[in-house]
Amino acid sequence: MKYESQPIESKWQKKWEETKAFHAETGGDKPKYYALIEFPYPSGQGLHIGHPRPYTALDIVARKRRMQGYNVLFPIGWDAFGLPTENYAIKTHTHPAKVTHDNIAHFTEQTKAIGFSFDWDREISTADPEYYKWTQWIFLQMYKNGLAYKQNMTVNWCTSCKIVLANEEVVEGHCERCGGEVIHKEKSQWMLRITKYAQRLLDGLDTVDYIERVKLAERNWIGRSEGAEVDFETTAGDKLRVYTTRPDTLFGATYMVMSPEHPYIKKWEDRLSNMDAIRAYQAEAARKSDFERAELDHDKTGVRLEGVAAFNPVTGREIPIYISDYVLMNYGTGAIMAVPAHDTRDWEFAKKFGLPIIEVVAGGDVQNEAFTDVATGKMVNSGFLDGMEVADAKKAITAYLKEKGIGEPKVNYKLRDWVFARQRYWGEPIPIVICPKCGFVPLSEEDLPLRLPDVESYEPTDNGESPLAKVRDWVEVTCPHCGGPAERETDTMPNWAGSSWYFLRYMDPHNDKELASPEAIKYWGQVDWYNGGMEHATLHMLYSRFWNMFLHDIGVVPNDEPYAKRTSHGMILGENGEKMSKSRGNVIDPMVVIGEYGADTLRLYEMFIGDFEKTAPWSTAAIKGCRRFLDRVWTLYDQVQPGDEYGANVHLMHETIKKVSEDIENMKFNTAIAAMMALVNDFYEKGCNRAEYGTLVKLLNPFAPHITEELWEMLGNKEMLVFEPWPEYDEAKMVRDTVELPVQVNGRLRGTVTLPRDVSREDALAAALADDRISAAIAGKEIVKKIVVPGKIINIVVK
RNA sequence: GCGGGUAUGGCGGAAUUGGCAGACGUGUUGGAUUUAGGUUCCAAUGCCGCAUGGCGUGCAGGUUCAAAUCCUGUUACCCGCACCA
């Protein structure tokens with residue numbers, strides 16, 4: 001009988017669905033296990049060939065855990081709000097809700113065809129009012145706790161999407177989504193105070209099991225630095241405060257630079273004689289996009305303030321003040337002390353403007369290049385710091401500044417507050433009313449969800465207002481506080497909102513009283529294994545950890561950290577090694593692959609394609625090998641001999657069980673499959689019995705669940721394979737009686753000898769010397785050294 | 001510029017407490033089956049050489065009985081972040 005994937009796959013998918021084989025009940029005696037994949041954005045293109053890679057990987061883990069006796073939660077849902085859907089809706093004049101509904105239906109059908117063991121009873125969608133009710137609820141709690149605030153600020157404005165972007169969404173001065181140019185714009189925006197959690201987000205990384213590159217990406221993004229804030233007295237009679245990580249170089253500060261947006265410019269207006277030039281520079285800086293700033297690379301520009309200067313607090317010397325756009329208003333204090341001898345940017349600026357460069361750390365040639373090495377070098381030209389190492393000088397100067405009241409130690413973070421508003425329709429409405437009398441008034445919790453109104457047009461407005469602003473009968477409300485006329489907030493939440501807490505909703509998805517019951521939250525606890533793309537290491541991961549920490553603080557969740565373990569998969573590239581895209585014409589459709597080879601082959605190949613963590617090019621040739629392997633497993637059934645215990649293959653059986661079991665835990669899916677292939681090759685050579693074949697079927701089940709269920713049934717089993725116990729191995733049974741030892745002469749392989757496992761060193765050596773090839777290789781030479789590594793190798797050194 | 005990663009046959013990739021380099025798959029070649037193609041099966045397959053043998057893990061050194069693996073230097077490519085003081 002020939003292996004035909006299609007009827008087998010339909011049969012078992014139907015059976016799993018009918019018996020609710022993968023439904024997870026909250027509670028019970030079994031230990032719990034929560035495996036999570038990043039829920040997909042249901043785009044119009046349908047499932048991408050990249051989706052099944054991480055899904056299959058965690059499906060393997062989930063299926064193995066069930067066989068190991070765990071109560072497994074492996075849920076699926078839809079990250080349904082977002083811009084592409086809205087843009088498609090505009091283009092086709094279809095309601096985004098309809099577009100989303102259709103896309104989800106399409107994704108569901110495709111996803112189900114691959115045979116993942118998701119609990120479909122827990123399916124969620126972030127665009128469902130029953131879901132976003134709780135997204136809004138969390139926002140209200142943040143508002144009440146002072147973590148949500150509205151502020152007029154410079155924002156990243158995508159000129160193409162007509163939308164404000166978070167810093168995280170700007171890539172090289174361009175919109176992450178559409179590639180349009182991003183410029184700066186003043187706008188009043190809702191913000192979330194993630195910076196308040198900067199240190200906790202950093203410290204928490206020490207308590208979780210994330211792959212190192214994810215931790216690194218998060219640490220770099222948070223960007224903690226230690227230094228000091230120092231006050232410089234000015235000729236205006238006030239003090240200009242700077243932040244520096246190198247207080248040790250204070251004696252070398254020969255000028256100061258303020259950001260063009262620094263408020264002191266307004267304050268000093270009357271004293272400044274060159275306000276025209278200053279204003280012109282400010283206007284120029286404001287107009288510049290991030291992209292233009294990056295393009296200019298390191299060509300420094302600036303204007304000197306005429307009329308106000310500062311005094312170096314340790315030398316007492318008068319030093320000039322400049323404004324320049326290389327100093328950013330939103331980091332530190334918006335002003336710096338410039339030490340050209342020991343900072344590359346300051347050095348470039350000083351060279352261009354002819355400013356003095358004073359060496360304070362010996363070891364470099366500061367007239368030719370800034371010397372920034374802090375590990376070597378001693379302090380010079382620095383008064384009481386002279387002769388000290390940099391590290392000691394830092395401590396000494398910081399203590400001195402504190403004592404004199406001119407500075408103090410300070411920690412800074414690159415992390416910025418989260419711009420939590422989009423001028424778009426297809427997102428969660430922000431549940432706030434703006435009242436002329438009472439200011440911001442949050443909706444009461446009973447009024448949630450605040451539903452999106454039905455509208456005719458979703459076009460963004462040219463002035464940057466949300467399309468919701470045009471829906472007057474929705475916007476105009478009475479103030480919940482004073483009863484007077486008021487308006488709703490018309491901005492919506494960014495689409496990171498819904499995904500920041502979805503792992504909690506899965507625990508109790510149909511609860512209409514709470515975001516999830518305390519019992520469910522307590523039972524499922526942390527996500528045990530969360531896998532997702534590297535591109536989310538700094539965005540989604542930080543946002544959702546932040547929300548979870550907040551929910552922990554207000555007593556909703558028991559754990560500070562939501563994810564116990566985080567791993568990341570590599571992208572699947574086109575056959576030509578380039579990223580898959582329509583324009584490159586190298587797109588592989590997973591549904592076509594399933595039609596040709598079956599879902600089990602697709603799953604197997606995506607796991608076999610290479611190291612799970614690395615990118616891998618698709619190969620139409622190589623996938624055939626996986627289908628061939630399944631054909632061979634299928635055909636082998638007819639040759640199975642009777643036998644309830646492992647027979648001739650007993651050593652290899654235990655070795656393979658160990659290898660597959662461990663490889664799954666270490667995400668080495670490719671070598672797990674290779675081991676099973678080698679086992680099947682061995683079966684074809686030596687034959688196999690029922691016990692051996694049954695174990696192969698079990699080991700292969702998480703990878704290729706349909707064919708293995710069918711074979712399991714053919715073997716006469718009544719129960720589904722899904723809950724069969726995972727095979728166990730015994731190290732003792734892996735030991736063979738004899739070992740084959742390689743024999744080297746002078747480090748070169750000259751032969752092998754087969755010896756009893758526990759042979760003595762002397763006997764092993766004697767056997768090696770008795771070998772014809774070995775004796776020929778050492779003939780007429782003096783043996784200098786004999787090395788015998790038991791069980792590994794023999795090496796004879798001759799001269 | 002800073003941070004991280006990678007480099008192994010024609011191709012994807014194995015092998016890391018230093019111990020037979022190239023598992024597994026693909027591709028290729030030859031053979032069997034077949035009217036033929038496809039499928040399946042058998043054999044070979046790192047490179048040079050008829051062969052004994054020699055050479056081989058980006059490159060150049062080093063440590064060691066023994067190095068893809070450790071050390072020093074260097075090159076190329078990929079991915080983050082990017083004027084963060």
Side-chain angles (χ1 to χ4, degrees), chain A residues 2 171-173 212-217 219-221 223-225 227 242-247 249 253 256-257 259 290 293-294 296-300 324-328 330-339 342-346 348-349 372 412-416 534-535 537-538 570-571 575 577 604-605 608-611 613-626 628-629 631-632 635 668 670-681 684 740-752 776 784-798:
Chain A
K2 202 166 166 284
V171 178
E172 288 177 1
E212 206 49 41
R213 58 198 171 118
V214 170
K215 286 191 183 183
L216 260 163
R219 285 196 185 108
N220 288 342
W221 194 266
R224 180 193 155 102
S225 72
V242 302
Y243 171 70
T244 177
T245 54
R246 297 291 306 276
T249 62
M256 299 181 82
V257 187
S259 161
D290 282 340
R293 284 195 181 189
L296 291 171
D297 218 4
H298 286 217
D299 192 16
K300 299 284 182 292
S324 172
D325 63 7
Y326 85 89
V327 174
L328 310 173
N330 52 10
Y331 184 79
T333 63
I336 61 155
M337 65 176 207
V339 185
H342 305 288
D343 180 282
T344 310
R345 294 150 303 177
D346 296 344
E348 284 164 1
F349 191 90
T372 56
N412 261 318
Y413 304 89
K414 288 187 203 173
L415 187 71
R416 311 276 166 80
M534 266 319 279
E535 70 275 21
T538 50
M571 213 191 322
E575 291 225 60
L604 200 65
Y605 177 58
F608 188 62
I609 194 167
D611 185 334
E613 300 201 64
K614 298 200 185 106
T615 55
W618 185 266
S619 164
T620 312
I623 192 172
K624 287 186 185 137
C626 288
R628 214 168 277 161
F629 169 64
D631 280 329
R632 277 162 69 75
T635 309
K668 301 282 179 199
N670 53 340
T671 49
I673 293 167
M676 289 188 279
M677 287 172 167
L679 182 67
V680 169
N681 290 345
Y684 268 97
E740 195 180 71
L741 274 189
V743 182
Q744 297 179 332
V745 176
N746 285 350
R748 287 163 207 267
L749 186 71
R750 290 296 181 227
T752 58
V784 180
K785 202 167 181 180
K786 304 168 208 165
I787 291 135
V788 180
V789 183
K792 290 272 191 189
I793 207 163
I794 298 168
N795 191 10
I796 299 160
V797 185
V798 297

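Letters go in sequence order (proteins before strands), and every chain restarts at 1. Bear in mind that the values here come from a model prediction, so they are computed numbers and not experimental data.
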Taking pairs as Watson-Crick (N1-N3 plus N6-O4 or O6-N4) or G-U wobble (N1-O2 and O6-N3), each distance under 3.5 Å, the stems of three or more consecutive pairs with RNA chain B are B:1-7 with B:75-81, B:10-12 with B:24-26, B:27-32 with B:40-45, B:46-48 with B:53-55, B:58-62 with B:70-74

At under 4.0 Å between heavy atoms, what does A/A217 touch on the DNA or RNA strands: base, sugar-phosphate, or nothing?
nothing

Is there a donor-acceptor pair under 3.5 Å between the side chain of A/Y605 and the backbone N or O of A/S619?
yes

Atom CD1 of A/I787 to atom C1' of B/G18: distance rounded to whole Å?
13 Å

I want to confirm an ordering. Mapping A/Y684 and A/S619 to their closest nucleotides on RNA chain B, which one lands closer to the 5' end?
A/S619

In whole Å, what separates the P atom of B/G18 from that of B/C24?
26 Å

Pairwise side-chain contact, A/R246 with A/D343, heavy-atom cut-off 4.5 Å (strictly under)
no

Enter the distance from A/M677:CE to A/F608:CZ here, rounded to the nearest 0.5 Å.
4.0 Å

Base, sugar-phosphate alone, or nothing: which one does A/S225 contact when heavy atoms must sit under 4.0 Å apart?
sugar-phosphate

May I ask you to verify whether the side chain of A/K300 and the base of B/C83 hold a donor-acceptor pair under 3.5 Å?
yes

Nearest-0.5 Å distance, CE of residue A/M534 to CD of residue A/E613:
9.5 Å

For A/M677 and B/A23, what is the distance between atoms CE and C1' respectively, to the nearest whole Å?
12 Å

At less than 4.0 Å, is any side-chain N or O atom of A/K785 found next to OP1 or OP2 of B/C65? Yes or no.
yes

Is A/Y326 reaching over with its side chain to a backbone N or O of A/V257, donor-acceptor style, under 3.5 angstrom?
no

Of A/I673, A/D631, A/L604, which is the lone residue that meets side chain to side chain contact (heavy atoms under 4.5 Å, CB included) with A/C626?
A/L604

Using the P atom in both, what is the distance from B/A66 to B/A51, to the nearest Å?
29 Å

Between B/U45 and B/U39 - P atom distance, rounded Å:
23 Å

From C-beta outward on A/A674, which listed nucleotide comes closest to its side chain: B/G19, B/C55, B/A23?
B/A23

Expressed as a whole number of Å, how far does the P atom of B/G58 sit from that of B/C11?
14 Å

Same-atom distance (C1') from B/G80 to B/U63, integer angstrom:
35 Å

Expressed as a whole number of angstroms, how long is the span from A/M337:CE to B/A85:P?
12 Å

Phosphate OP1/OP2 of B/G3 contacted by A/R219 side-chain N/O (<4.0 Å):
no

Looking at CD1 of A/I787 and CD1 of A/I794, how far apart are the two atoms once the value is rounded to the nearest 0.5 Å?
11.0 Å

RNA chain B: 5'-proximal contact among A/N746 and A/D631 (nearest heavy atom):
A/D631

For A/L749 and B/A66, what is the distance between atoms CG and C1' respectively, to the nearest whole Å?
12 Å

Heavy atoms under 4.0 Å is the rule here; annotate nucleotides 5-15 of chain B 5' to 3' with B where the base is hit, S where only the sugar-phosphate is, and - elsewhere.
-------BSS-

Within the side chain of A/N746, is there an N or O that forms a donor-acceptor pair under 3.5 Å with the backbone of A/V798?
yes

Students often get this wrong, so: under 4.0 angstrom with heavy atoms, is A/N220 touching a base, only sugar-phosphate, or nothing?
sugar-phosphate

Under 4.0 Å, heavy atoms only, any strand: does A/E212 hit a base, just the sugar-phosphate, or nothing?
nothing

Can you identify which nucleotide, out of B/A66, B/A23, B/A82, has its nearest atom closest to the A/W221 side chain?
B/A82

Just the rounded figure in Å: distance from C1' of B/U39 to CZ of A/R632.
14 Å

For A/E535, answer base if it contacts any base atom (sugar-phosphate contacts may also be present), sugar-phosphate if it contacts only those atoms, and nothing otherwise; contact means non-hydrogen atoms under 4.0 Å.
nothing

Taken to the nearest whole Å, CD/A/E613 to P/B/G4 is 17 Å

Touch check for A/V797, heavy atoms < 4.0 angstrom, all strands: base, sugar-phosphate only, or nothing?
sugar-phosphate

Counting N and O atoms only, with roles assigned by atom type, does the side chain of A/N412 sit under 3.5 Å from a partner on the main chain of A/S225, one being a donor and the other an acceptor?
no

For atom CZ of A/F629 and atom P of B/U39, their distance in whole Å:
19 Å

To the nearest 0.5 Å, atom CD1 of A/I793 lies from atom CG of A/L749 at 7.5 Å

Euclidean distance for C1', B/A15 against B/A82 (whole angstrom)
38 Å

If I pick the C1' atom on B/C42 and the same atom on B/G4, what distance separates them, to the nearest angstrom?
48 Å

Please give, in whole Å, the distance from B/G18 P to A/N795 CG?
17 Å

Heavy-atom nearest pair, A/E348 first then A/K300, reads OE1-NZ, 2.9 Å

Within the 4.0 Å heavy-atom criterion, would you say A/N681 contacts the bases, only the backbone, or no part of the nucleic acid?
sugar-phosphate

So, taking the atom named NZ in A/K2 and the one named OG1 in A/T635, what distance separates them when rounded to the nearest 0.5 Å?
9.5 Å

Across the strands shown, which category fits A/R750 at heavy-atom distances under 4.0 angstrom: base, sugar-phosphate, nothing?
sugar-phosphate

Where the chi angle of B/G53 falls, syn if within 90° of 0 and anti if not
anti

Looking across every strand, which nucleic acid part, if any, lies under 4.0 Å from A/L216 by heavy atom: base, sugar-phosphate, or nothing?
sugar-phosphate

